[in-house]
Structure formats: C-alpha cells, structure tokens
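Counting convention: from 1, in listed order, for ligands and their atoms alike.
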Amino acid sequence: MTNRTYELDRAHVFHSWVAQASMNPMVIESAEGSYVVDDQGQRYLDFSSQLVFTNIGHQHPRVVKAIQDQAARLCTIAPQHANAARSEAAALVAELAPEGMDRVFFTNGGADAVEHAVRMARLHTGRRKVLSRYRSYHGGTQTAVNLTGDPRRWPNDYGADGVVHFFGPFLYRTEFHATTEAEECERALTHLEHTIQMEGPDTIAAIILETIPGTAGIMPPPPGYLEGVRALCDRYGIVWIADEVMAGFGRTGTWFALDLYDATPDLITFAKGVTSGYVPLGGVIISEPIYETFADRPYPGGLTYSGHPLACAAAVATIETMKDERIVENAATLGETVFAPGLAELAERHPCVGEVRGVGAFWALDLVADRETREPLAPYGGTSPAMNEIVAACKKHGLLPFVNYHRLHVVPALNITADEARAGLAVLDEALSVGDAHAAR
Ligand SMILES: Cc1ncc(COP(=O)(O)O)c(C=O)c1O
C-alpha cells in the first residue's frame, strides 16, 4: 500500500517549489500530537509544525470532532449566505484582534489574504505601489510572491507588480552599520522614510510587513520599530498591512505577534494556525476606515469558498481549544523556561551557531561557518553539505526540523510538553555537533 502511495506520488503529484524529478517525499502514515509516523513505522518529533501551522498539534480530537459534526450538518454553502460556523469564527477572530478591527474577510489561505489586503489598500487609497522588506515571505500567488523579499520571488518577478523593497531591522546582519538595537531601529526607520520620499508618498498604497518575519529568519523587530512604521504610515497616508499568517494564533506566546508591540495596523492577514491547518482557511481583518470605503461601494473581489463552513468550524474549535487548554500561555512559558535558556546553551557550546532569535514557540538558529565573519553555513537561497548533514542527523535521531537555507527553526506545536521540547533540543545538540565540523573554531 505504502509503495503504491509513493509510486503514485512520483508518477502524478507535482510538488511545490522543487525540481520534480529529484524529489523524494517522506510518506506519512499517521500523526498525533507532536509526532508523525512514516511508512517504515519511524516516529518523528515534529519540530516544524509542518509548515508552521499545526499550532495545536496533530489530530486534536476536539477539532476533528468539530469538523465531523459540521460535515454531518452542512458541508458547504456559498459565501453570500450567512452561516453559523462562519459568523462564530468571524466573531472569535474579531474579538482577538486589536480594538476597532471588527470585520473579517475569509480566504482559503495566506497568499490570497495578502492579495485581498493589497487590493483593499489600493482601492482605499487610490494609490498603487506597495512597499515590503527584503527577508520576508508573503505567499506564492502573483502579488504575494512579488511582495516576498526572498529568493522565491526572483524567478517570478517581472517588475510589473508595483512593489518596492526596502531593508528592515536585523541587527545580526545589519545593513545600517548599527551596533545596538536602538541604532538599528532608528536607522531602519530613516531608511524607510527615505524610501517613501524617493518613491513618492502619493504613489504608495501600503507597507506590508510580517510582524515578526518567519521563514525569512524569525527577526523580532526592535522596540519602537513598528510604532515608527505606524507613524510613517500616518504621516504619508499609507495603509499598514501586518502579515500574521505565520506569527499569529499563538506562535509568539500571544494571540497575535502584534500584541508584543504598541502599534495597530490597518489590515491584518492571517491563516495557518487559525485552524491549525486542519482545513485551509485564511483571512483579512479590516479596520473601520477601510470597512467604510466598502460600506456603500461594492468590494470588487471574492472567492467561491470564502468562509467555508468546514474551515470555519475548524477555526471555532481551534480557537476555543486554545483558550480552554491555555495553549497560547503554554507557548509563552515554553519560550521563557525551555527554549530561551536551552537554545542559549546550545549556542554557547556549538561554534556553528551564530545567533539565536525568537519568542514563544518561534525560534531561529542562525548557523554560520565562522562566528567572526558571520558567513552563513549555506549561501543565501541555497543549501550546503553542512546543512544537509545537520538535517540528516536530526531525522536519524527522530526529529523533523524546519530548515531554511542556513537556518534551523524551532517551531513545534504550541502545546508540546516541556519534556518533549527538551528531548527535541537534545537531538539538536547532536545534530549541531555535525555542523561544528564545518565551522571555524
Ligand atoms: C508570513 C506569510 N504570509 C503568507 C504566507 C502564504 O500563505 P499560504 O501558503 O497559506 O498561501 C505564508 C506561508 O508560509 C507566510 O509565512
């Protein structure tokens, strides 16, 4: 049966982001909590949450049941009708969002949430250009991939999507010759303001930022940066879109990463953790002024499955489960008591660890060939024998890691136990020793 799964996959499934002929997918037979099991019966601790979305772990019985119940009651209904699952999900999301952001447009995932947020900003302002930072990911559709500030944009970029990139704050690899977070913050804001002025403020509809960039490196912005972005947007009449697709729904130990800062955007995009990925769902949370733009004027956009009942039932159950089981609080505690000290200790011991960054259950190890020069352990946009060996060592010891170029991300389910988290760190300890062999001492 399993061979059949693999063979049919290789014969017929066209996979994302990879060269098709050389890929070799792991066949997953089952999953529960923080573990997945492959076709050889090997059990892996999932330190990736897949693509950082199984925030409440695999197969949580309460969410599975809610999906089953909804399927029995009403599998689907078109978006123009009101439906209990959709109404409840929208109310729960709005309740978690910052004050004054009460409306939710549902999409099928993160990229289409970004597409619609940009469309709303363009129609609201009557302007076209959108600014986004290098070292970011916003999705695989046309506008979203062009907003993306990582190598996945390059082959898709025809320079025709009205996007301008700027550098955001990132002290470890500073573009601003800064030596402190305060300097990095101030200089990054000056750079952003100059970019706005040089591009022509009247041409700029929106600035989109992942509140904490995820796949691009988990770089929490320094205190004051997002507040500064808010001030610039107010000064120049620009809409601020906060992309919370990866950072939202508990990942940072708060419901939204935004809750760690003192600034409110005009639009928020979300997806992934809202249903723990059990059924695809995303959306845009809309502030009152932007809602008003479309109060008496039709919004020119929609999706057949906007607010799909199965997805919305999964969202309601996920959010209620996260509240009842204090899963967001667990992520915060794990961050403080297990990941921050445990990863700092690994960094001390392993020369291939250049920097550890993160919060909650959202951490990156920036791996380097040389701590002095900070040369990455794999080139930007590429891989290396060292990184391949580290990944192989993780898997050999039963850990499923999340890897991007020269970084290892620690992004498990938010309800992983402290013991499981420590067991995962012990495997990383072994795997990093393999990396040390490639690093200067
Ligand atoms: C920050 C961010 N925005 C948008 C997306 C795109 O979401 P999706 O893959 O659901 O379209 C992702 C996906 O990883 C993401 O991390």
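The aromatic rings of Tyr305 and His308 stand perpendicular to each other, their planes meeting at an angle above 60°, with 30° marking the opposite boundary.
Listed by number with element, the atoms of ligand 1 under 4.0 angstrom from any heavy atom of Lys272 are 12 (C), 13 (C), 14 (O), 16 (O). Contact atoms of ligand 1 toward Gly109: 10 (O) (distance under 4.0 Å to a heavy atom of the residue). Which parts of ligand 1 touch Gly110 is read off a 4.0 Å heavy-atom cut-off, strictly below it: atoms 6 (C), 7 (O), 8 (P), 10 (O), 11 (O). Atoms of ligand 1 lying under 4.0 Å from any heavy atom of Ala111, numbered from 1 in the order shown and given with element: 6 (C), 7 (O), 8 (P), 11 (O). Against a heavy-atom cut-off of under 4.0 Å, Met246 is close to the following atoms of ligand 1: 16 (O).
Between Leu51 and ligand 1 there is no heavy-atom distance shorter than 4.0 Å.
The proximity of Glu210 to ligand 1, defined as any non-hydrogen pair under 4.0 Å, is limited to the side chain.
Phe166 does not carry Arg133 over the face of its six-membered ring by the limits of under 6.0 Å from the centre and within 45° of the normal. Geometric assessment of Arg135 against the ring of Tyr380 yields a positive cation-pi assignment under the 6.0 Å and 45° thresholds.
Scanning the protein for heavy atoms near atom 2 (C) of ligand 1, the closest one is Tyr137 O, 3.3 Å. Nearest protein neighbour of atom 3 (N) of ligand 1, counting heavy atoms only, is Asp243 OD2, 2.8 Å.
Centroid-to-centroid, the aromatic rings of Phe249 and Phe256 come within less than 6.0 Å.
Within 4.0 Å of atom 9 (O) of ligand 1, not a single protein heavy atom is present.
Compare Thr215, Thr269, Val245 by their heavy atoms: the one nearest to atom 5 (C) of ligand 1 is in Val245.
Side-chain atoms of Ser48 do not come within 3.5 Å of backbone N or O of Phe402 as any donor-acceptor pair.
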Test salt bridge (charged side-chain N to carboxylate O under 4.0 Å, His left out) applied to Glu95 and Lys323, step by step | CA-CA 13 Å; Glu95 183 194 306; Lys323 286 183 178 174; 3.1 Å; yes
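Of the options Ile196, Thr195, Val130, Val164, a side-chain contact (heavy atoms from CB on, under 4.5 Å) to Ile207 is made by Ile196 and by none of the others.
Residue Glu193 holds its CD atom at 3.5 Å from OH of Tyr236, rounded to the nearest 0.5 Å.
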